[in-house]
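Letters go in sequence order (proteins before strands), and every chain restarts at 1. Only a predicted model underlies this, so the values are computations on that prediction, with no experimental measurement involved.
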There are 2 protein chains.
Amino acid sequence: MVSAKQRRHQQVLEILQETGTATVGEMGTRLGVTEMTIRRDLELLEADGVLKRFHGGAKLDFGSSYEPPFPVREKTNAEQKRLIGQRVASLIDDGDTIILDGGSTGLAVAEYLLDRQLTICPLSLRVAWAFARSTSVKLIIPGGSVRPGELSLSGADTIDYLRGRHFDTYVMTASGLSLNEGFTEWNPEDAAVKKTAVSVADKTITAVDSSKFNRVGFVKICPTQVPAAIVTDGGATSENLEKLRRQSQGVIVAE
Amino acid sequence: MVSAKQRRHQQVLEILQETGTATVGEMGTRLGVTEMTIRRDLELLEADGVLKRFHGGAKLDFGSSYEPPFPVREKTNAEQKRLIGQRVASLIDDGDTIILDGGSTGLAVAEYLLDRQLTICPLSLRVAWAFARSTSVKLIIPGGSVRPGELSLSGADTIDYLRGRHFDTYVMTASGLSLNEGFTEWNPEDAAVKKTAVSVADKTITAVDSSKFNRVGFVKICPTQVPAAIVTDGGATSENLEKLRRQSQGVIVAE
DNA sequence: GTAATATGAACAGCATTAGTGTTCGATTAA
DNA sequence: TTAATCGAACACTAATGCTGTTCATATTAC
């Protein structure tokens, strides 16, 4: 069950996503609570690193990156990501050795792999932690630096680690999916790791929710033809899906 | 503040540590609560993997290892470990590069390093996760397998990772500290990593609460002379402390 | 510098949750 | 079978969490 507070927090983020900024009074009126309540919400959300307050209101905090911070992404399209995670998990065979990407979508996949018999190499500390309580998954961690906020593992150590091994499947996520540019990522370090992961895995399965469609990040990871399967949700236009099908090995809509 | 429930859980564990097993009625009487309350406690503690219930009572669950599982150790000597953690943190200079051991004592040290300006290489996923929310610590993870339950990082990958680097300080913990055998560890894999860590750090600081005194694990890590400092709590006998002082570089009693 | 506005600490009231005890039918061990 | 133990369900109480109000302080706009 979600508390009224959690729901309100999400609504605050939605309001901020409309226009980028909003005043305390405006949010209070729209959500039917006093300004003091909004201030307390903003205080918590700011501590989460999700937004920045200013005198009179708040604005979303993209920081130095080009996409919203993890807590925002996790709250966005949560249900679609859950469905995608479930579907991706169904494509994985017991006993396999898996590289699993970070990000909110990767975490959604992880939830459905907890009780499976697998060897998993997560590319994010957050995903690694999700498997900590699993007794059936054998967890191996690649060395590397942990990127603040995102908690992804990257750098030369991570790449070296992957290069020295071979995996059955790489479950990839991405910042953007465009018909022309393929899969792209904002963070260059993460992109370098992803490229390596593609090259050391037998097959790549890509999990992207529909909000990623027609978005292009800073660094290319791979073209749409590379993944053995692209799993997405029903939010994409049928035109986009049709075109994507023609230039990829297979598109699966999770629902 | 500790809730009455937490305190009672600890007392339940203490009772079990006396004799190994106890009946529900016995525990209820000694702690001044009804049997139903004890049953509910046991249910939770069993879910934590701390004990095993049987009809009429419960017994401590050491599983296949030679020391109690993490949740038990974390609840044992908690206050002493906190003090030790604080004291160890005071020995570390800003800007340093640190290897930080896992275990409940390592976690206690971590709590006091969260806001420091450091580069930290944790040897356990649990400790790594503790630093995830820190903005001031630069976190680097050694590759390796995660040992279930303990969540320590070990194996050839971890050792290779450490060998390729150099650190200012290694904050070491251990299963046992004996005057004759030095520092010892039950788990051979962890011990191998610890030995490597000692060799790649300028200096080693050892954090062991007094319950470790005169206990000998399966594998030797290093003699008492090696660490630049041994930090412990006031629970050790003055005789032990005196002897230890004579055969080590320095003993610090945290209080 | 002043007025208007925004902020947050402190308190109070309310709602919700957590913790414990009691009862009683179901389950287990001897 | 019998006696003991177990746990689901309910009730009561304490504790905690959440929201609104007030008011002194801080900030911004003029």
Flag the pair [X] and [Y] as a salt bridge only when some basic side-chain nitrogen lies within less than 4.0 angstrom of an acidic carboxylate oxygen.
{"X": "B:R39", "Y": "B:E35", "result": "yes"}
{"X": "A:R82", "Y": "A:E79", "result": "yes"}
{"X": "B:E111", "Y": "B:K81", "result": "no"}

Rounded to the nearest Å, what distance is computed from the [atom1] atom of residue [X] to the [atom2] atom of nucleotide [N]?
{"X": "B:R40", "N": "C:dT22", "atom1": "CZ", "atom2": "P", "answer": "11 Å"}
{"X": "B:L42", "N": "D:dC6", "atom1": "CG", "atom2": "C1'", "answer": "12 Å"}
{"X": "B:E43", "N": "D:dT5", "atom1": "CD", "atom2": "P", "answer": "18 Å"}
{"X": "A:H55", "N": "C:dA4", "atom1": "NE2", "atom2": "P", "answer": "15 Å"}
{"X": "B:E35", "N": "C:dT23", "atom1": "CD", "atom2": "P", "answer": "14 Å"}

| query | So which of residues 7-32 of chain A are in contact with DNA chain C, with a heavy-atom cut-off of under 4.0 Å? | reply | A:V24

| said: Checking A:S136 against A:Q117: is there a side-chain donor and acceptor pair closer than 3.5 Å? | reply: no

| Check: A:S90/A:R87 side-chain N/O donor and acceptor closer than 3.5 Å | yes

| message | Any side-chain N or O of A:R39 below 4.0 angstrom from OP1/OP2 of C:dT7? | response | yes

| OP1 or OP2 of D:dG20 sitting under 4.0 Å from any side-chain N/O of A:T37? | yes

| Given A:V12, which of A:L45, A:L44, A:V50 fulfils the side chain to side chain contact (heavy atoms under 4.5 Å, CB included) condition? | A:L45

| B:F131 versus A:V146: any side-chain heavy-atom pair under 4.5 Å? | no

| request: Mind checking the CD1-CG spacing from A:I205 to A:D101? Nearest 0.5 Å is all I need. | output: 12.5 Å

| remark: Ranking C:dA29, D:dG20, D:dT28 by distance to the side chain of A:V33, first place goes to D:dG20

| query | When the nearest nucleotide of DNA chain D is assigned to A:D41 and to B:M36 on a heavy-atom basis, which residue is associated with the more 5' position? | reply | B:M36

| said: Taking the axis from the first five pairs and the axis from the last five, what angle separates them in the helix from C:dG1-D:dC30 to C:dA30-D:dT1, rounded to 10 degrees? | reply: 60°

